[in-house]
Amino acid sequence: MDKSSDQHFLFDHDELIALKTGYENVIQYQSEKNLQFRNRSKRYTLYLTIIGILIAVQIGLTIWIYLLAAWVDHPRSLLTATLIAQQYPYLPTFVIVIRIFSVFAILFGIIAFIWTYRWKNLDKINLRHFATDPNAFDQKQDYKQIRIQQMIKLSDYLILIANKKRFRTSNGNSRYLVLRKQNDQTLYQQLIDKYRQNILKSKKMRRWVDYYLIDATGGMVK
């Protein structure tokens, strides 16, 4: 970013604080009033409940498997040990394999739970990581190569949130880009229209278009 344009796109701490406050109010309002927000939250809550139940069941099965393994490794009688050795020679190995898989199943369930929780609260997580340090945002980005995760349309600003740190700023690469509408109204509208088109092309995203493209202009809820 050349220094001559830095001031034009510079956001000071107070402006970003005010912007984040407005951003937070929009998220809270949409969460309470927007039907897509509520339905999405209910769906992910259901996913979390199902995953939680599966984890609990798997933990119970794992405990039972470990008890079985203890019985196989240390049978109570010599006769039992002999029968296992003669009729089920591969049982100890099988139990060990099942025990390992059961532990991995629990770990997988925990990872799935965390991943689902993050997607359920994507808007709040993005808000939490929105920095308010003075920053200069470069509007001349290669937007076609940047995958936008969420966009917040405000009356005077547009907040873009990328999946990865791809936006160039004076503080280094960032997931966040803030545009003032007054700086470039054409770019402001083009980015919104293009992102909406991309959402509508995706089967997974288009049912939650209001969630991924949060529009707080002309009324909080469309």
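Looking at heavy atoms from C-beta onward, Thr45 lies out of side-chain contact with Lys42 at the 4.5 angstrom threshold. Proximity of Gln197 to Leu200: side-chain heavy atoms (C-beta onward) are nowhere separated by under 4.5 Å. Proximity of Leu177 to Tyr143: side-chain heavy atoms (C-beta onward) are separated by under 4.5 Å at one or more points. A heavy-atom distance below 4.5 Å is not found between the side chains of Tyr188 and Gln182. Counting only heavy atoms from C-beta outward, the side chains of Ile214 and Phe37 approach each other to under 4.5 Å. Side-chain contact between Asp133 and Asn135 is absent, with no heavy-atom pair separated by less than 4.5 Å.
Follow the hydrophobic side-chain contacts under 4.5 Å out from Ile114 and you never reach Phe108; the two are in separate clusters. Leu107 and Ile50 fall into different hydrophobic clusters, where Ile, Leu, Val, Met, Phe, Trp and Tyr residues are linked whenever their side-chain heavy atoms come under 4.5 Å apart, directly or through other members. In the hydrophobic clustering of this structure, Met205 groups with Ile159; members are Ile, Leu, Val, Met, Phe, Trp, Tyr whose side-chain heavy atoms approach within less than 4.5 Å, directly or through other members. A chain of hydrophobic side-chain contacts below 4.5 Å, direct or via other Ile, Leu, Val, Met, Phe, Trp or Tyr residues, connects Trp208 to Trp115. In the hydrophobic cluster analysis, where Ile, Leu, Val, Met, Phe, Trp and Tyr join through side-chain heavy atoms closer than 4.5 angstrom, Ile110 is grouped together with Tyr117.
In terms of modelled atom types and a separation under 3.5 Å, the side chain of Ser31 and the main chain of Ile27 share a donor-acceptor contact. With Asn163 contributing its side chain and Ile146 its backbone, the two residues share no donor-acceptor pair below 3.5 Å. Between the side chain of Tyr47 and the main chain of Lys120, no donor-acceptor pair closer than 3.5 Å is present. Checked by atom type and distance alone, the side chain of Ser41 never pairs as donor or acceptor with a backbone atom of Arg38 at under 3.5 Å. With hydrogens and angles disregarded, a donor-acceptor distance shorter than 3.5 Å links the side chain of Ser170 to the backbone of Ala136. Proximity of a side-chain donor or acceptor of Gln58 to a complementary backbone N or O of Ala105 within less than 3.5 Å is not detected. With Arg166 contributing its side chain and Gln145 its backbone, the two residues share a donor-acceptor pair below 3.5 Å.
Here the closest heavy-atom approach between residue Ser155 and residue Ala216 is recorded as OG-O, 4.5 Å. Heavy-atom minimum distance, Leu127 versus Lys20: O-CE, 3.3 Å. Contact between Thr62 and Ser102 at its shortest, heavy atoms only, is OG1-CB, 3.4 Å. Taking both residues in full, the closest heavy atoms of Asp210 and Gln36 are given as N-OE1, 2.8 Å, listed atom of the first, atom of the second, then distance. Pairing each heavy atom of Gln149 with each of Arg175, the nearest pair is OE1-NH2, 2.9 Å.
Tyr157 and Phe11 have tilted rings, their planes meeting at an angle from 30° to 60° on a 0 to 90° scale. Note on ring orientation: taking the six-membered ring where Trp is involved, the planes of Phe130 and Tyr176 are perpendicular (angle over 60°, cut-offs 30° and 60°). Tyr212 and Trp119 have perpendicular rings, their planes meeting at more than 60° on a 0 to 90° scale where under 30° would count as parallel.
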Using the rule given for side chain to side chain contact (heavy atoms under 4.5 Å, CB included), can you reason through Glu15 versus Arg180, listing the C-alpha separation, both sets of side-chain angles and the distance that settles it, and then say yes or no? CA-CA 11 Å; Glu15 185 176 12; Arg180 291 190 189 94; 2.9 Å; yes

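When each of Leu191, Ile192, Asn198 is checked for a side-chain contact (heavy atoms from CB on, under 4.5 Å) with Lys194, only Asn198 meets the rule.
Under the 6.0 Å cut-off for aromatic ring centres, Phe101 and Phe104 do not qualify, their centroids lying 6.0 Å or more apart.
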